[in-house]
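Comments concern the structure below.
Reminder, nothing fancy here: chain letters follow the sequence lines and each chain counts from 1.
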Amino acid sequence: MTDTKNHSVDRVAGSLEGRVFRPASFAELAEAVELAFDYRGDVTIALKSGESLVGYLFNRQVSGSESSLELFPSDSSIAQKIRYDQIATIAFTGEDTATGKSWETWISKKESERRAEVERVAADAKARGIL
Amino acid sequence: MAVPISQMFTVAKYVLTQKVNRVKRYPLVLMLEPLFRCNLACAGCGKIQYPDHVLDKRLTPEECWAAAEECGAPIVSIPGGEPMIHPEMASIVSGLVAQQRYVYLCTNAILMERKLDEYQPSKYLTFSVHMDGLKDEHDLAVCRDGVYDVAVKAIKAALKRGHRVTTNTTLFDDANPERMRKFFDAMMELGVEGMMVSPGYSYQKAPDQQHFLKRERTRELFSRILGSPKKGWQFNQSPLFLDFLMGRREYECTPWGNPTYNVFGWQKPCYLLQEGYAKTFRELMESTEWDRYGTGRNEKCADCMVHCGYEASAVEDTFGTLSGFGRTVKLTMSPTSR
């Protein structure tokens, strides 16, 4: 399927963030929806009508021509149902909230604290002549 | 005995009624998630990674009460997110208590002490405080210094007011058995009614992917921690589930035992996997392909031994087999006989 893989300068490494999928068949569309369902950020769905919806895709039901997805729009609390055959493109436009940045930030802080502790113990051991 | 007789009787009566009515799949604990927003960002958590407008969504009290009625489980566990962030949480709890459901309000306790006035002590309400070990381990697990001390203070305040309090511990691969045993001592000294333990689940979206427990390691770890329990330890869960964690009994997952309802609907198939959502509890039970889930059936379930999948299996064993019933009675009366 056509997508903008490698084209986005803002894309997060290992994430779908920034990619745009233009499915050419039902199978490709179903695959793109599955990726969007698994994505922990907002997506932008462009409809064949020209309309565009931004929101979190939280559910989908694959059932041939009746297939549909459900999306919580970012500016409304009412879930929207969209039939697959209305969809032109799916873009992963929202921040991927599962990239693990918070853990990395935290772990680097703790690692520095642990390193200082190790150095203190090492200095003590050297002073005692056991290292 | 960690669980009050009235609660044990209610659960036993409920399970036996299902059996008499030949109900094959029935819920035991409703996992009610009124919001995903949390005031912590624990490394092992895969529940809170959503855009802000989703984190801002909340179930209304009416939606929570309706879900409990629809599901019918005698116990409602309220995880999240952090439930005490929800401004109407006390109202939600009070409505569930009015339905005579045993409510476990799962909290990291950061807001607990300042909100205690909103809750009436009741045999139906238990504060289930998330504690992942002694101070160092807990603060490390929740990625914030000082949380252990805040939680201990809140537990003391709640106990002083006559509330039921339990602890809820998730263990990861780096757990130290001796430190965990000291942690259990410390919690019992605090005066909590009982403790709950479970291995962590390897959420695909959790930041820390290195420390989730594999099955063999889980059995080894729990055997070292629980193999020779101390006399004073009380666990607020099925003794057969603890046997399972130690590799002394084998169970298949019972994912319908702990159904989940949240801002997206009824989660298929369980609290830990998101395969889609059903609009109603009945639709969840009828449309989920239950046989596709569980260890050996689904790669996402390969190493899962989490209580939400297997505690109900242990309860089923208690009421479904003579050996299970006998062992449950024995371990309930004499926990150190293990």
**Report entry** Heavy atoms from other residues, nucleotides or ligands near CZ of B:R297 exceed 12 (cutoff 6.0 Å)
**Finding:**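 Enclosed.
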Report task. For B:E299, look at atom CD and say whether over 12 heavy atoms of other residues, nucleotides or ligands are found less than 6.0 Å away. Result ->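 It does not: B:E299 CD has 12 such atoms or fewer within range.
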Report task. Please check if the distance between the ring centroids of B:Y50 and A:F58 is under 6.0 Å. Result -> no
Query - CG on A:N59 to CD on B:E275, rounded to 0.5 Å - result: 11.0 Å
Report task. Nearest 0.5 Å please: distance from the CG atom of B:D56 over to the CZ atom of A:F72. Result -> 12.5 Å
**Report entry** Heavy-atom contact with chain B under 4.5 Å, split by part of A:Q61
**Finding:** side chain
Query raised in the report: For the residue pair B:P51 and A:R40, what are the closest heavy atoms and their distance?
Result: CD-O, 4.1 Å
Query - Over all atoms of both residues, closest heavy-atom pair of B:Q49 and A:T97 - result: C-OG1, 3.0 Å
Query raised in the report: For chain B, which residues of residues 74-93 of chain A have at least one non-hydrogen atom nearer than 4.5 Å to it?
Result: A:S74, A:S76, A:S77
